[in-house]
Structures are given as C-alpha cells and as structure tokens.
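What follows is one structure encoded as structure tokens, with my remarks underneath.
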Amino acid sequence: MDPATSELAGTEPTGTDLGSTDLASTDLGSTDLASTATAWFDENARDLPWRHPSAGAWGVLVSEIMLQQTPVARVEPAWRSWMARWPDPASLAADTAAEAIRAWGRLGYPRRALRLHACAQAIVEQHGGVVPARLEELLALPGIGTYTARAVAAFAYGQRQPVVDTNVRRLIARAVAGRADAGPATTVADLDAVEALLPASDRLAARASAAFMELGALICTARSPRCHECPFWSVCAWRLTGSPAPTGPTRRPQRYAGTDRQVRGLLLAVLREESGPVPAARLDLVWPEQAQRARALAGLVEDGLVVPVSGHRFALAGEEAGQHP
DNA sequence: CAAACGTGGAC
DNA sequence: TGTCCAAGTTT
C-alpha cells in the first residue's frame, strides 16, 4: 500500500494504565512499551546459551549470524558444537574455510559460514582478536549488516541501540501502528521509531531490545499470534481495532524445488561429506540437467564456497590442496 | 532495489 | 501435499 513509508512510525505513546502488571523496577511511568515488554521478558525469556554472560561477544556474534533466517531450535545444537570447537575468533581464523562450511552443516545459506570465517579473520587482523564494540567497526565486518551489528552492540556490549529484526518490525507494526504486518525492509525510519521506544539507560535499553524480539518470536508471531498471553493486550493498536486482516497484495513466489538454490544445496552436501577434492563426475550425479548443474556449480565457485582443482575436481574453499590420493 | 541465497518443521 | 515461515546480508 504505502511502500515508501514506515509502518513503525506515526502513532503516539499511550498513557493507558495496564492495571494488572506490577512494574516496580522503573521509577518512571510503568505503562510504556519498553518496561512492559521487559517485565514480561523477566518472567518468560528462554534460557538460550548465547544469553549467558559466559557466551561473550564472540558467542553472541556467532549466534546472530546463525540465526539469520534459521530457527532457534536448529541453531542451538550447532552453536554449542561451534563454540566448543572455536571458542574465539582466533581459533576459527586459524582453521580452514572448508571446516567452517562443513561444521555449518545444514543450517542453510552456507555463505554465512564463509563470511563468519572471513569475519573471524578480520577480527584477528584488524581488532586484535577481539570482537569490536563500535557500530561502525561491526558493520564493516563480513556478513554483518544493520541488524546484526546492532544486536551485537546491544546484547554483547549492553549498548542502547535500536535492534530491528522481523520480529520487532511485526510487533511494533501491530502494537504501535495498528497494522496486521510489517513491511518488507528495515528502514532508517524503522530504526528511529524503535529507538524512540527505548529507555534512556544503556542497560535497560539493551534489555528492552531483547524483550521486544522475544515478544515477537514467542507471542506476536506471524501466523497465530497469542494475543491473550500478550502483555500489550490492553494497549495494542492492532488488537484494539479488531485485529484486521492484512491488506495489500500477498507477495513472494519463492519456490525452492527445482531452483538453482536446491542444486547448490545438493552439490554442497556432497562436498561437505568428503574430506577433500571430489571428481566432477561425482557431482554430476546430484542433478540430471547439466546446464543447471553447471550454473549452480559456477555460482558456488563465484561465491568462494567451492574451488576448482586440477583434473576436473572440486573442493570446499581452503581445501583445494587435496592431500588425498 | 528486487532478487538471490538453504533447509526443515508446522499447519 | 503444498505453502508459509525462521534473530538478514549482499549485489
């Protein structure tokens, strides 16, 4: 409908009393969204390993990369083994990209593994092996964009940063703007709108950011929001107007079967299972149409995930040495 | 800026 | 069974 404008902006804070919740932890009014969400978070936050102080900034960074488009349930075991093997940037940087891609397993979007490996090397080379805390420096690292940079700054370093992911966009679109769903992209306006909701102190703001995300992930879900359990129940603009259905055209064809993505996945699955270069003939088996197969393989090479080796063989990046007979 | 980029689970 | 969805980034 209005693609140029942000769904997150445009409504004023409510002064309505929530009534049922005791929010004694703040000295300000107890009815703003941030403190309401935080109070809920205090009672309902999941005990995720990267939320423990022991996870450190590296643990937070790794979790954020893994969580880009991959559900928590699948990330958790992968994160544990990853951190056990590479507890800091230096250890990952010292290993091959191939091992990172292999350890990534089936989390999806394996370019993230490659970028995380490159990210670790950049952290070692440019930041002495310490995950940087400044937004500018985080944004300059491979695989780290608007969301992830702020997530690391807030969750690892306790900074006051608007952390806007799909969950927060949806939550605020409903609660504040009264819309059924958020728009497609994170805009500057989105960041500003969320920033305006954050408490003044760094510590409380970071906590509120985590609370907003958790609320979006557990309660204000895309499919069947659990409004009856939502702490925003009495103030949510969307619910207050009868929870109208989403307007506008439904988007995204996004098929998967038969796409280059599927073929890339099949190709990479073979290479992951092998310990070194694989004959091209072996890769030919994964997909019947040679043209698409060649295109997918070329794409993997172009992305730097796969490297051609002499003698019509291919290997995971960093493994082209081929010490196997 | 739209499109590309994996994968598996829930409904 | 097919569609929808999951803590985005890059080009």
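Heavy-atom basis, side chains included; hydrogens, waters and symmetry copies ignored. So you know, we letter chains A, B, ... as the sequences are listed, proteins then strands, and number each from 1.
When rounded to the nearest whole Å, the span between CD of A:Glu76 and C1' of B:dG9 equals 16 Å. Between A:Arg170 atom CZ and C:dC5 atom P there is a gap of 9 Å when expressed in whole angstrom units. As rounded to whole Å, 8 Å separates atom C1' of B:dG6 from atom CZ of A:Arg74. Atoms OH (A:Tyr147) and C1' (C:dT10) sit 18 Å apart, rounded to a whole Å. Atoms CZ (A:Arg115) and P (B:dA4) sit 16 Å apart, rounded to a whole Å. One can place CD of A:Gln68 at 5 Å from P of C:dT9, the figure rounded to the nearest angstrom. In this structure, A:Leu271 places its CG atom 13 Å from P of B:dG6, rounding to the nearest Å. Taking atom CG of A:Leu218 as the reference point, atom P of C:dC5 lies 17 Å away to the nearest angstrom.
Dashed line: the shortest gap from a side-chain N or O of A:Thr70 to OP1 or OP2 of B:dG8 is not under 4.0 Å. Residue A:Arg255 has no polar side-chain atom (N or O) positioned under 4.0 Å from OP1 or OP2 of B:dG6. In this structure, A:Tyr256 reaches the B:dT7 phosphate: one of its side-chain N or O atoms is under 4.0 Å from OP1 or OP2. Regarding contacts with the backbone of B:dA10, every side-chain N or O of A:Arg223 stays at 4.0 angstrom or more from both OP1 and OP2. Not one side-chain nitrogen or oxygen of A:Gln69 sits closer than 4.0 Å to the OP1 or OP2 atom of C:dA6.
For A:Trp58 and A:Trp86, the gap between ring centers reaches or exceeds 6.0 Å.
Checking side-chain atoms of A:Ser209 against main-chain N and O of A:Ala205 turns up a donor-acceptor pair under 3.5 Å. Formation of a donor-acceptor pair under 3.5 Å by the A:Arg313 side chain with backbone atoms of A:Gly276 is not found in this model.
A:Gly145 comes within 4.0 angstrom of the backbone, heavy atoms only, and of no base. In this structure, A:Arg111 reaches the bases: a heavy-atom distance under 4.0 Å links it to at least one base atom across the strands shown. Counting any heavy atom pair closer than 4.0 Å across all strands shown, A:Ile144 reaches sugar-phosphate atoms only and no base atom. Across all strands shown, A:Ala151 has no heavy atoms under 4.0 Å from either base or sugar-phosphate atoms. At the heavy-atom level, A:Thr221 lies nowhere under 4.0 Å from the strands shown.
Interface residues of residues 291-300 of chain A facing DNA chain C, ordered by number: none; criterion, heavy-atom separation under 4.0 Å. A heavy atom lying under 4.0 Å from DNA chain C marks the following residues of residues 47-59 of chain A, by number: A:Leu48, A:Trp50, A:Arg51.
For the pair A:Glu195 and A:Arg160, the salt-bridge criterion is met [side-chain N within less than 4.0 Å of a carboxylate O]. Taking the charged nitrogens against the carboxylate oxygens, A:Glu274 and A:Arg282 do have a contact shorter than 4.0 Å, which makes a salt bridge.
Identified under the side-chain hydrogen bond (donor to acceptor under 3.5 Å, both in side chains) test for residues 291-307 of chain A, with sequence neighbours left out: A:Asp260-A:Gln292, A:Asp260-A:Arg295, A:Arg264-A:Asp303, A:Asp284-A:Arg293, A:Trp287-A:Gln292.
Closest to the A:Thr146 side chain, of the nucleotides C:dA7, C:dC5, C:dT9, is C:dT9. Taking every side-chain heavy atom of A:Arg261 into account, B:dG6 is the closest of B:dG6, C:dA7, C:dG8. Which of B:dG8, B:dG6, C:dA6 sits closest to the side chain of A:Arg106 comes down to B:dG8.
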Could you go through residues 148-158 of chain A and list every donor-acceptor pair under 3.5 Å that involves a side-chain atom there, pairing it with any protein atom two or more places apart or in another chain?
from	atom 1	to	atom 2	distance (Å)
A:Thr148	OG1	A:Gln68	NE2	2.9
A:Arg150	NH1	A:Thr146	O	3.3
A:Tyr157	OH	A:Val131	O	2.3

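Grouped by direct or indirect side-chain proximity (heavy atoms under 4.5 Å, Ile/Leu/Val/Met/Phe/Trp/Tyr only), A:Val124 sits alone.
Where A:Leu139 and A:Val72 meet DNA chain C, the nucleotide closest to each residue was compared, and A:Val72 sits on the side nearer the 5' end.
Atom P of B:dG8 sits at a distance of 23 Å from the matching atom of C:dT9, rounded to the whole Å. Across the P atoms, C:dA7 and B:dA10 are found 15 Å apart, a figure rounded to whole Å.
Scored by the side-chain hydrogen bond (donor to acceptor under 3.5 Å, both in side chains) test, A:Arg174 finds no partners at all (sequence neighbours excluded).
Seen from the ring of A:Trp238, A:Arg179 does not count as a face-on cation partner, given the 6.0 Å and 45° thresholds.
Minimum interatomic distance between A:Leu305 and A:Arg111 (heavy atoms only, all atoms of both residues): CD1-CG, 3.7 Å.
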